[in-house]
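All remarks here apply to the structure that follows.
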Amino acid sequence: MTKIKKALIPAAGLGTRFLPATKTVPKEMLTIVDAPIILYVVEEAIQAGIEDIILIAGRGKYAIEDFFDSSYELEDKLAKEGHTHMLERLIKVRDKANIISIRQKHALGLGHAVLCGAPVIGDDPFAVLLGDEITTDDGKTGSLTSQLCRTFEEKGHSVVSVMEVEDKDVSRYGIADVEDSADNCYRVRSLIEKPKPEEIKSRWALTGRYVFENSLLSLLKEARPTVNKEIQLTDSMNLLAQNSPMWASSFSGTRYDAGDKLGYLKANVEIALKNSEFGAEFKKYLQEVSQRL
Ligand code: G1P
């Protein structure tokens, strides 16, 4: 049984869906309640037992690297004033995992971003968590990434997370054609990136959480640009699924596309409502405001 110990977090996109905010601030650094999106993603990986987290950041995204770095002056000041709890979440993450940063020198697509992590991945299987999506779970089954890691350990082959989308939305996602199954884990037949509605046989969309056998990397090395003139991860996944079993698993929790304005607002509201300090008061405010407007 191979345990998944390494995860890649691609965070190299330009964030054009969130302009003007993302002109100077990487979308992964936008705040959900009191922490940047990327911290939630890293915490999800750690919760799944990941020990090495490889951030793939693009040009101008040094704020992500700096965020995980120690900040001597600030930490010393907080320690002297007895306020270290203010950075507790971040320090916990730094203690539990190695955060490794790799620069994607050219924006050649998600497949290329994943390939940039190959020197650190070595020969191991690995997880991929897209850096602008966050997930919340039902508190019973564990995070989405830990569910995928468990399934990978059981099956011994790649497993990807999927959700059913409406016809009108299929062209925004990678879409998986899957075999029928009695449970929520389906064998993948093929995958296609951002198809037209008439090109698909199912509406199972890839949600940005994956666990791959290492052989994906050799397929990515050979990959050429396709959709949007980018090297697409989905193309190499499709080839992998033809050579080796691949599973698609539908998730019981909630996923937010926090790189999209509406998804970002929903994530903020839901996470704020669960906040132990002010969640109840915030709920009252939302009820009051929804009556008023
Ligand atoms: C990427 C992937 C796509 C996947 C999506 C999930 O697309 O290429 O297969 O369905 O993430 O959010 P992007 O959102 O970068 O266009």
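The structure presented is a predicted model; accordingly, all values stated were derived computationally and were not measured. Index from 1, following the sequence. Both counts, for ligands and for their atoms, begin at 1 and track the order of listing.
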Considering only heavy atoms, which of Glu193, Arg209, Gln232 lies nearest to atom 3 (C) of ligand 1?
Glu193
Under the side-chain hydrogen bond (donor to acceptor under 3.5 Å, both in side chains) test against Ser161, which residue among Thr145, Thr151, Thr207 passes?
Thr207
Indicate the atoms forming the closest heavy-atom contact of Ile4 with Ala127, along with that distance.
CG2-N, 3.9 Å
When hydrophobic residues are tied together by side-chain contacts of less than 4.5 Å, even through go-betweens, does Val42 share a cluster with Val120?
no
Is it true that Arg203 and Asp169 have a side-chain N and a carboxylate O under 4.0 angstrom from each other?
no
Considering all protein heavy atoms, does one lie under 4.0 Å from atom 14 (O) of ligand 1?
no
Please indicate whether any nitrogen or oxygen in Leu206 is less than 3.5 Å from any nitrogen or oxygen in ligand 1.
yes
For Glu133, the ligand 1 atoms whose distance to one of its heavy atoms is below 4.0 Å
6 (C), 12 (O)
Gly174 N/O to ligand 1 N/O under 3.5 Å:
yes
For a salt bridge (charged side-chain N to carboxylate O under 4.0 Å, His left out) check, start with the C-alpha distance between Lys6 and Glu51, then their side-chain angles and the critical distance, and finish with the verdict.
CA-CA 6 Å; Lys6 294 181 180 173; Glu51 292 171 2; over 6 Å; no
Say whether Tyr210, considering both its backbone and side-chain N or O atoms, lies within less than 3.5 Å of an N or O atom on ligand 1.
no
Among non-hydrogen protein atoms, atom 7 (O) of ligand 1 lies closest to Lys194 NZ, 3.3 Å
Under 4.0 angstrom from ligand 1, any heavy atom of Leu233?
no
Is it the side chain, the backbone, both or neither of Thr234 that has a heavy atom closer than 4.0 Å to ligand 1?
side chain
Are Asp123 and Asn214 linked by a side-chain donor-acceptor pair shorter than 3.5 Å?
no
Quick one: does Leu130 get within less than 4.0 Å of ligand 1, heavy atoms only?
yes
Taking only non-hydrogen atoms of Arg255, do any sit less than 4.0 angstrom from ligand 1?
yes
Is there a path of hydrophobic side-chain contacts, each under 4.5 Å between heavy atoms, that joins Leu220 and Leu239?
yes
For Tyr186 and Trp204, take the angle between the two ring planes, folded into 0 to 90°, and tell me which bin it lands in: parallel under 30, tilted 30 to 60, perpendicular over 60.
tilted
